Amino acid sequence: MIRKLLKGAKGYEVPSIFTIVLVMLETALEVVLPLLTANILNTMQLYATGNGLTASLTYLDFANGQVIKLVGSELTPIAITKPILLNTVYTYGILMIICSALSLTFGALAGWLCAVAGAGFSKNVRGSLFNKIQSFSFANVDKFSTASLVTRSTTDVNNAQQSYMMIIRTVVRAPAMLIFATIMAFINQPDMAWVFLVAIPALGVVMGLLALKVFPMFRIMLKKYDAMNASVQEDLVAIRVVKAFVREDYEEQKYRQATEEVRQSHLKAEKIMILMNPLTMCIMYGTIIALLIVGGSDMVNNGMGSGTLSAMLNYSTQILMSVMMICFIAVQLVMSKASIDRIYEVLETESDIKDGSNDKVVGSGSIDFINVDFSYSGNGDNLTLENIDLHISSGETVGIIGGTGTGKTSLVQLIPRFYDVYDGQVLVDGTDVREYSLFNLREGVSMVLQKNVLFSGTIRDNLLWGNENATQEEIEAACKAACAHDFITSFPNGYETDLGQGGVNVSGGQKQRLCIARALLKKPKIMILDDSTSAVDTATDAQIRKGLKELSKEMTTIIIAQRISSVESCDKIVVLDNGKINAVGTHEQLLKTNSIYQEVYNSQQKGNAEEGGEA
């Protein structure tokens with residue numbers, strides 16, 4: 001897991017390394033402070049002994065410059081020379097101030113560099129995730145789901161960032177403190193240090209068991225987060241539908257249920273986590289009690305200095321807090337491991353679509369489907385398209401018609417390799433599409449999808465997606481061909497009109513026409529319109545088709561439509577039925593020979609006649 005985290009630190013190695021060095025220095029100085037305190041107390045005790053005091057139960061009255069000895073039940077002050085006392089206090093006091101100041105400085109610098117490295121880490125990981133997602137095929141995106149990818153790019157990356165910052169700072173500090181303080185404890189008083197050999201393993205076992213117990217629960221919690229984000233995303237995308245059907249109460253209840261499941265899963269994990277504090281406190285205070293018993297006995301029987309006992313108590317706090325911190329880090333890393341695994345599940349997923357090595361570009365735009373089978377599941381027993389054999393010449397306009405779910409969209413998505421065939425071949429200009437580089441292939445193909453997507457920004461910004469170097473004349477020509485120029489110029493700001501997020505201030509038909517214009521600006525060799533004029537009237541549909549022919553007579557065009565009128569002027573029409581080609585021919589040929597085409601045509605003619613009669 002740590003190896004995976006370190007991959008995200010590329011470019012931020014220097015602040016990461018300096019953080020580790022500064023944390024080590026900070027820790028070393030903190031460990032010195034109890035020793036300096038012990039030296040002050042022990043030195044004063046020696047002064048007292050030198051003035052005739054042999055008992056170890058003495059303490060200092062700094063305000064009056066006295067050493068006080070407990071004799072029987074009475075306190076007996078023994079005067080010492082004040083300059084000696086103050087000289088000792090000043091010497092060690094100044095050293096303590098210097099160590100504290102340096103430790104504070106090193107700690108502050110380490111914190112700042114750690115923040116720099118952590119921010120850089122999250123930037124790298126988010127960038128890697130975004131780039132990886134961009135390389136995914138549609139099948140890869142379908143596998144993870146949009147909501148899950150959003151959670152992995154936000155919540156999971158935040159968890160991973162915290163883990164990385166913990167590794168370069170706290171993970172270094174806690175073991176360093178444990179090692180340094182243990183060494184100093186054994187140097188200071190080896191007879192008492194054995195207590196730590198019992199306390200440290202006991203604390204480690206307790207924390208380890210808790211970590212193992214809580215890890216599966218946090219994996220479940222993250223899945224609940226995915227479900228909650230999916231609910232939010234779906235509701236925001238479909239907010240108009242929700243309001244149109246007055247389903248706000250239902251959506252609120254669904255969201256409350258999702259958040260309640262997140263709360264319950266989090267609470268279940270926290271019920272285990274709350275045991276950590278009382279268990280570790282019991283071990284910690286038990287260790288302090290043991291040190292007081294052993295240390296008190298040594299002071300009475302062996303004349304151990306009070307400063308030595310004080311230092312051992314300080315070291316015990318440092319050692320046990322270090323062990324607690326190590327265990328806490330382990331728990332946090334275990335919790336974060338679920339997020340890190342989810343991130344690297346995306347990063348290590350190979351795209352189903354492999355880039356071809358051929359530098360060839362799309363030239364004439366001819367298309368051949370040769371015995372093509374296709375399955376979304378990759379299962380030959382569950383084919384969406386079966387035995388497709390179709391030949392489209394360069395410059396032809398081909399219509400595809402068929403009922404819902406017959407595979408029309410699936411068929412055309414094989415051309416730009418949004419998906420790959422299960423069996424057979426798709427050829428463009430006589431070359432298998434799998435041999436093209438994805439850039440060259442998709443640069444030669446424009447596809448207007450069923451769902452019309454516009455981005456935040458102006459109309460011009462959206463159109464320039466088709467060709468970022470397009471001139472105003474080219475933009476207007478494409479918009480006129482798509483019957484979009486008139487409504488664009490009717491806006492006060494014309495092509496500079498801000499569309500808002502997703503094009504919220506234009507109608508469905510206007511969105512379709514803007515998307516067609518954007519595709520035309522690309523000047524593709526192959527144009528695919530996937531039911532892209534469903535939201536416009538018949539007359540506008542005819543004008544768009546006429547504009548397409550006038551703008552690029554050599555462009556191969558594929559039109560998927562539900563209306564016969566949208567495809568009747570095509571060079572040929574393909575009728576799909578249950579994932580198979582039922583017939584291919586012109587409008588007149590199919591009208592005479594194909595029952596499916598006849599049925600669709602007659603039903604639409606009847607519907608048009610009824611609408612005309614009612615009008």
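Small disclaimer: the values here were computed from a predicted structure and weren't measured.
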- Item | Whether K224 side chain and A258 backbone form a donor-acceptor pair below 3.5 Å | no
query: Would you call K580 and D577 a salt bridge, using N to O less than 4.0 angstrom?
result: no
dist E260:CD -> Y255:OH (nearest 0.5 Å) comes out at 12.5 Å
Could you tell me if the side chain of T151 sits less than 4.5 Å from the side chain of R342, heavy atoms only? yes
For this session: Could you go through the side-chain contact (heavy atoms from CB on, under 4.5 Å) check for Q161 and V125 one step at a time?
Result: CA-CA 9 Å; Q161 178 186 353; V125 174; over 6 Å; no
Between the side chain of Q604 and the main-chain N/O of S565, is any donor-acceptor distance below 3.5 Å? no
Test item: K523 side-chain N/O and G466 main-chain N/O as donor-acceptor pair under 3.5 Å
no
#### Entry: Stepwise side-chain contact (heavy atoms from CB on, under 4.5 Å) test for Y12 and K123
CA-CA 11 Å; Y12 293 89; K123 183 198 75 170; 3.1 Å; yes
Using atom types as modelled and distance alone, determine if a side-chain donor or acceptor of D355 lies under 3.5 Å from a backbone N or O of L438.
yes
Only residue of L520, I488, L463 satisfying side chain to side chain contact (heavy atoms under 4.5 Å, CB included) with I475 is L463
Is there a side-chain contact between N462 and L514, using heavy atoms and a 4.5 Å cut-off? no
Interatomic distance, CD1@I564 vs CD@Q598, rounded to 0.5 Å, equals 10.5 Å
| request: Verify, without hydrogens or angle tests, whether R152 (side chain) and I343 (backbone) share a donor-acceptor contact under 3.5 angstrom. | output: no
Note: M555 and P524 closest approach over all heavy atoms is CG-O, 3.6 Å
Distance col, row T384:OG1 vs L414:CG, nearest 0.5 angstrom, shows 9.5 Å
G111 and R169 have their tightest heavy-atom pair at CA-NH1, 3.4 Å
Test salt bridge (Lys or Arg N to Asp or Glu O under 4.0 Å), reference R460, set E474, E496, E476, output is E496
Distance col, row S122:OG vs N159:CG, nearest 0.5 angstrom, shows 12.0 Å
CE (M228) and CZ (R263) are apart, to the nearest 0.5 Å, by 13.5 Å
_More than 12 heavy atoms of other residues, nucleotides or ligands under 6.0 Å from NZ of K408: yes or no?_
yes
Worksheet item: In terms of side-chain heavy atoms, does S16 have a donor or acceptor partner in Y164 at a distance below 3.5 Å?
Response: yes
Exercise for the section: Could you tell me how the ring of H587 sits relative to the ring of Y597: parallel (under 30°), tilted (30 to 60°) or perpendicular (over 60°)? Expected result: perpendicular
### Task
Considering only NZ, NE, NH1 and NH2 on the basic side and carboxylate oxygens on the acidic side, decide whether E251 and K254 come within less than 4.0 Å.
yes
ask   = So, does D373 use its side chain to make a donor-acceptor pair with the main chain of N387 at under 3.5 Å?
value = yes
R434 side chain near V421 side chain, heavy-atom distance below 4.5 Å = yes
Taking every heavy atom of A561 against every heavy atom of I401, the minimum-distance pair comes out as O-CG1, 3.5 Å
Test side-chain contact (heavy atoms from CB on, under 4.5 Å) applied to I133 and F130, step by step:
CA-CA 5 Å; I133 292 168; F130 187 81; 5.8 Å; no
On a heavy-atom basis, the closest approach of A478 and L521 is CB-CG, 3.9 Å
Taking the side chain as every heavy atom from C-beta outward, state whether L411 and F369 have any atom pair closer than 4.5 Å.
-> yes
Report yes if the side chains of S566 and L529 come closer than 4.5 Å at any heavy-atom pair, otherwise no.
no
Only residue of V574, V575, L385 satisfying side chain to side chain contact (heavy atoms under 4.5 Å, CB included) with I581 is V574
* Asked: Taking the side chain as C-beta and beyond, is there a heavy-atom pair between V362 and E443 under 4.5 Å?
  -> no
CD1 (I528) and CG (D530) are apart, to the nearest 0.5 Å, by 8.5 Å
- Do Y495 and Q472 touch side chain to side chain, with heavy atoms closer than 4.5 Å? yes
For G579 and I388 the tightest heavy-atom approach is O-CD1, 3.6 Å
Q253 and Q257 side chains, donor-acceptor separation under 3.5 Å = no
Discussion item. I'd like to know whether CD of Q264 has more than 12 heavy-atom contacts from other residues, nucleotides or ligands below 6.0 angstrom.
Written reply: yes
Taking the six-membered ring for Trp and the full ring for Phe, Tyr or His, determine whether the centres of Y419 and Y376 are under 6.0 Å apart. yes
Notebook entry, point to check: Does any donor atom in the side chain of D461 or T458 lie under 3.5 Å from an acceptor atom in the other side chain?
Noted result: yes
Closest non-hydrogen atoms of T406 and N578, given as atom of the first, atom of the second and distance, are CG2-N, 3.9 Å
Does atom CZ of F491 have more than 12 heavy-atom neighbours, drawn from other residues, nucleotides or ligands, at distances under 6.0 Å?
yes
Do T397 and C570 touch side chain to side chain, with heavy atoms closer than 4.5 Å? yes
| K132 side chain to T349 main-chain N or O, any donor-acceptor pair under 3.5 Å? | yes
Using a 3.5 Å distance criterion without hydrogens, assess whether the side chain of T497 forms a donor-acceptor pair with backbone atoms of I459. no
inquiry  = Walk me through whether F487 and R513 qualify under side-chain contact (heavy atoms from CB on, under 4.5 Å).
reply    = CA-CA 10 Å; F487 82 76; R513 285 177 274 173; 3.9 Å; yes
